[in-house]
Amino acid sequence: IPVLSNGRFGEGDKNIGLVIVLNDVTEIKKLEKMRSEFAANVSHELRTPLTSIKGFVETLREGALEDKETADKFLEIIELETERLSRLINDILTLSEIEGLKGDIKLAPEKIKDIVEEVIYMLKNQAKEKNITVTYVIEPIDLVMKTNKDRIKQMLLNLVENGIKYTGIGGHVDIKVYAEGKNVTFSVKDDGIGIPKEHIPRLFERFYRVDKSRSRKLGGTGLGLAIVKHIVNSFNGTITVNSEVGKGTEFIINLPRTRDYEN
Ligand code: ADP
């Protein structure tokens, strides 16, 4: 909805000019709507594990505590839901931090190999549990990029973690990073369950999941890809997804190098 305001300048009765200010508030309205939807979603997402925790605590109090096996099972669920709450809060904070610091990111020359190896190390147990092989190729291997280490790490962490989560036992997740002209391309590819085409356009929305119950079972928050997208945007980069159901998924990110470093 455009807002129209005008002012007239004149000497006496004579109009000598007309100023028309056109402000497009559509974008502002859209942002406001997104913000209030996000708040509603956050409350819902926080309430779900809380309701579950409360329910199990009540059942324990009402007698389930007497039966050790049941009690153990309930306590395990309570623990899992608590962990989910804490992940949710972390992801929400990460998102708002990235949004809040727009244009104010600390950049330094970073060796990409170190970041990739840290990410693989952080996820080694998750990969081991499913016997998933995580590999990496970096060209050139000593690639240095002027960037923000925390963000690149978070971006890769979310993508590789998804690769592991949505890939079956014995699968593969391959990370590739290569410098190409003024860009650095990151690719994270898995041979997992894939994503149906119709879901791809909405994948980066906050709390959007292809399969809600699967994401829940795997401990997902639905914010991982929204965070990735925000990070990519903060570097003026692009992200694309290639996926085939039953074959696997590849996320490709292109980031401009803010400055060239000799490799
Ligand atoms: P979640 O916490 O649910 O994993 P994300 O924002 O990280 O949330 O991802 C959104 C959804 O995209 C996931 O719920 C999942 O359905 C789908 N998805 C993300 N990465 C992959 C992947 N590598 N393979 C298949 N599906 C994926």
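Atoms within each ligand, like the ligands themselves, are counted from 1 in listed order. All heavy atoms count here, side chains included; hydrogens, waters and symmetry mates do not.
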> To the nearest 0.1 Å, how far is atom 8 (O) of ligand 1 from its closest protein heavy atom, and which atom is that?
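Protein heavy atom with the smallest distance to atom 8 (O) of ligand 1: Gly222 CA, 3.2 Å.
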> Asn158 near ligand 1, heavy-atom distance under 4.0 Å?
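The answer is no: ligand 1 sits nowhere under 4.0 Å from a heavy atom of Asn158.
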> Please identify which atoms of ligand 1 are closer than 4.0 Å to at least one heavy atom of Gly224.
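Answer, ordered by atom number: 5 (P), 6 (O), 7 (O).
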> Any N or O of Val210 that comes nearer than 3.5 Å to an N or O of ligand 1?
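Yes - when backbone and side-chain N and O of Val210 are compared with those of ligand 1, one distance drops under 3.5 Å.
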> Quick one: do Glu81 and Arg216 make a salt bridge, cutoff under 4.0 Å?
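Salt bridge between Glu81 and Arg216, a charged N being under 4.0 Å from a carboxylate O: yes.
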> Whether the Thr221 and Arg84 side chains hold a donor-acceptor pair (N or O, under 3.5 Å, no angle test) is what I'd like checked.
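Absent: no donor and acceptor within the cut-off.
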> Is it the case that the side chains of Asn41 and Glu37 hold a donor-acceptor pair, with the cut-off being a distance below 3.5 Å and no angle test?
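On atom types as modelled, these side chains do not qualify, holding no pair under 3.5 Å.
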> Can you report which non-hydrogen protein atom sits closest to atom 10 (C) of ligand 1, along with the distance?
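Nearest neighbour among protein heavy atoms for atom 10 (C) of ligand 1, to 0.1 Å: Tyr208 O, 3.3 Å.
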> Is there a continuous path of hydrophobic side-chain contacts, each under 4.5 Å between heavy atoms, that joins Val42 to Ile227?
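Val42 and Ile227: one cluster.
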> Give me the residue, atom name and distance of the protein heavy atom closest to atom 12 (O) of ligand 1.
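Answer for atom 12 (O) of ligand 1: Leu203 CD1, 3.5 Å.
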> Take a 6.0 Å sphere around CD of Glu76 and say whether it holds more than 12 heavy atoms from other residues, nucleotides or ligands.
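No, CD of Glu76 has 12 or fewer neighbouring heavy atoms, counting only those of other groups under 6.0 Å.
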> Return the closest protein heavy atom for atom 26 (N) of ligand 1 as residue, atom name and distance.
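So the nearest neighbour among protein heavy atoms is Ile195 CG1, 3.3 Å.
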> Hey, are the side chains of Phe56 and Thr51 touching, using non-hydrogen atoms and a 4.5 Å cut-off?
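Side chain of Phe56 against side chain of Thr51, heavy atoms only: no contact under 4.5 Å found.
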> Is it the case that ligand 1 has an N or O less than 3.5 angstrom from some N or O of Phe251?
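It does not: no N or O of Phe251 is found under 3.5 Å from an N or O of ligand 1.
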> Give me the residue, atom name and distance of the protein heavy atom closest to atom 21 (C) of ligand 1.
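The closest heavy atom on the protein side is Tyr166 CD1, 3.5 Å.
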> Identify, by atom number and element, the atoms of ligand 1 in contact range of Ser215, meaning under 4.0 Å from any of its heavy atoms.
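Counting atoms of ligand 1 from 1, those under 4.0 Å from Ser215 are 1 (P), 3 (O), 14 (O).
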> Give the numbers and elements of all ligand 1 atoms closer than 4.0 Å to a heavy atom of Thr221.
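In order of number, 2 (O).
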> Salt bridge or not between Glu118 and Lys111? Use side-chain N to carboxylate O under 4.0 Å.
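No.
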> Considering non-hydrogen atoms of the protein only, which is the closest contact for atom 5 (P) of ligand 1, and what is the distance?
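Of every protein heavy atom, Leu225 N, 3.6 Å lies nearest to atom 5 (P) of ligand 1.
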> Give a yes-or-no answer on whether the side chains of Glu110 and Thr147 include a donor-acceptor pair shorter than 3.5 Å.
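On atom types as modelled, these side chains do not qualify, holding no pair under 3.5 Å.
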> Is Gly194 in contact with ligand 1, taking contact as a heavy-atom separation below 4.0 Å?
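Per 4.0 Å heavy-atom rule, Gly194 contacts ligand 1.
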> As a check for students: among Val228, Asp190, Thr249, identify the option with a heavy atom nearest to atom 23 (N) of ligand 1.
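Among Val228, Asp190, Thr249, the closest heavy atom to atom 23 (N) of ligand 1 belongs to Asp190.
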> Is there a heavy atom of Lys165 sitting under 4.0 angstrom from any atom of ligand 1?
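The answer is yes, since Lys165 has a heavy atom less than 4.0 Å from ligand 1.
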> Is any NZ, NE, NH1 or NH2 atom of the basic residue among Glu69 and Lys73 found under 4.0 Å from an Asp or Glu carboxylate oxygen of the other?
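Looking at Lys73 together with Glu69, the answer is no, because their closest N to O distance does not fall below 4.0 Å.
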> Quiz question: by atom type and distance under 3.5 Å, do the side chains of Asp211 and Ser213 form a donor-acceptor pair?
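Present: a donor and an acceptor within the cut-off.
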> How far is atom 7 (O) of ligand 1 from its nearest protein heavy atom, and which residue and atom name does that atom have?
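The closest one turns out to be Asn162 ND2, 2.9 Å.
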